[in-house]
Amino acid sequence: AQSVTQLGSHVSVSEGALVLLRCNYSSSVPPYLFWYVQYPNQGLQLLLKYTTGATLVKGINGFEAEFKKSETSFHLTKPSAHMSDAAEYFCAVREGGQGFSFIFGKGTRLLVKP
Amino acid sequence: DGGITQSPKYLFRKEGQNVTLSCEQNLNHDAMYWYRQDPGQGLRLIYYSQIVNDFQKGDIAEGYSVSREKKESFPLTVTSAQKNPTAFYLCASSITGVGSPLHFGNGTRLTVT
């Protein structure tokens, strides 16, 4: 069965510091991987996705993530945090093929200190 | 602009009453989904529908019902059988292509007292 683990329910960084949010997955078939961001009382917005091809994926707002098959990881990074990055971030996996199953991690809340 | 509209944004009901949450999309997506979000628990799938007049139960369907009479609409009814209905409800849609992401509405916060 698929699963997604996000390490750390809360991550705190200083403005300008590196952001690293961790995501590990398990899947018996090649996965499709996604990162979403959620601001308070809003829906989820797609940051980036990995389907096939280049393992380093660039997304919106300066975020990027690298798919590492050997480590079953898809960590999200941003070189320099901005106050507006404070939000909750969700990693999700969708099984390959025509499967309709999306599995979400429990989320990581990013706090940005001035 | 295309998107998903959920209404209302906030909903208050008394225990024992059924309540219906609206979800409309103009993205021409075939698949639609309902998720429930509780603090610290991520998103849990309630129901999903791949085509009109067809839908499947997700992980936590008990106490909920849906219909899919039109491609654009996927309303969710929270029945009195749902033991703990207070939550944030998110509707989403996607195309059925391989690797397609979910597109989300802005959610409805339901409070039952």
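In the text below, chain A, chain B and the rest are named by the order of the sequence lines, each starting its count at 1. Computed from a prediction, not measured in an experiment: that's the story for all the values here.
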**Student:** Going by atom types alone, do B:Tyr89 and B:Tyr64 pair a side-chain donor with an acceptor below 3.5 Å?
**Tutor:**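 Yes, side-chain donor-acceptor contact under 3.5 Å.
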**Student:** When the ring centroid of A:Phe90 is compared with that of A:Phe34, is the distance short of 6.0 Å?
**Tutor:**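 Judged by ring-centre distance (under 6.0 Å), A:Phe90 and A:Phe34 do not meet the cut-off.
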**Student:** Taking 4.0 angstrom as the limit, do B:Asp54 and B:Arg68 come out as a salt bridge?
**Tutor:** no
**Student:** Are B:Lys71 and B:Asn28 close enough, and set up right, to give a side chain to side chain donor-acceptor pair (under 3.5 Å), and what steps lead you there?
**Tutor:** CA-CA 7 Å; B:Lys71 186 176 184 178; B:Asn28 200 32; 2.7 Å; yes
**Student:** Considering all heavy atoms of both residues, which atom of A:Val93 and which atom of A:Pro31 are nearest to each other, and what is their separation?
**Tutor:** CG2-CB, 3.5 Å
**Student:** Measure the acute angle between the ring planes of B:Tyr47 and B:Phe55, then classify it against the limits of 30° and 60° as parallel, tilted or perpendicular.
**Tutor:**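 Answer is perpendicular, since the angle exceeds 60°.
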**Student:** Where is the tightest heavy-atom contact between B:Ile60 and B:Arg44, given as atom of each residue plus distance?
**Tutor:**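 Shortest heavy-atom separation between B:Ile60 and B:Arg44 comes out as CD1-CB, 3.8 Å.
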**Student:** Sort B:Leu102 into side chain, backbone, both or neither according to what part of it lies under 4.5 angstrom from a heavy atom of chain A.
**Tutor:**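 Contact with chain A is through both the backbone and side chain of B:Leu102.
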**Student:** Between B:Ser94 and B:Tyr33, do the side chains contain a donor N or O and an acceptor N or O under 3.5 Å apart?
**Tutor:**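 Yes, because at least one side-chain N or O of B:Tyr33 sits under 3.5 Å from a partner of the opposite role on B:Ser94.
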**Student:** Do any of residues 106-114 of chain A have a heavy atom less than 4.5 Å from a heavy atom of chain B, and if so, which, in residue order?
**Tutor:** A:Lys106
**Student:** Are side-chain N/O atoms of B:Thr20 and B:Thr77 paired as donor and acceptor at under 3.5 Å?
**Tutor:**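 B:Thr77 and B:Thr20 do have a side-chain donor-acceptor pair below 3.5 Å.
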**Student:** Which residues from residues 35-52 of chain A are near chain B, with near meaning under 4.5 Å between non-hydrogen atoms?
**Tutor:**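 Contacts with chain B: A:Tyr36, A:Gln38, A:Asn41, A:Gln42, A:Gly43, A:Leu44, A:Leu46, A:Lys49, A:Thr51.
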**Student:** Tell me yes or no: between the side chains of B:Ser73 and B:Glu24, is some donor less than 3.5 Å from an acceptor?
**Tutor:** yes
**Student:** Could you check which of B:Gln41, B:Gln37, B:Arg109, B:His103 has the highest count of heavy-atom pairs closer than 4.5 Å to chain A?
**Tutor:**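 Counting heavy-atom pairs under 4.5 Å, the top option is B:Gln37.
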**Student:** Are the aromatic rings of A:Phe104 and B:Tyr35 close, with centres under 6.0 Å apart?
**Tutor:**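 So the answer is yes for these two rings.
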**Student:** Please rank B:Ala92, B:Pro101, B:Cys91, B:Gly58 by heavy-atom pairs under 4.5 Å with chain A and give me the top one.
**Tutor:**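 Between B:Ala92, B:Pro101, B:Cys91, B:Gly58, the count favours B:Pro101.
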**Student:** Quick check on the interface: out of B:Asp59, B:Leu90, B:Leu43, who has the most heavy-atom pairs with chain A under 4.5 Å?
**Tutor:** B:Leu43
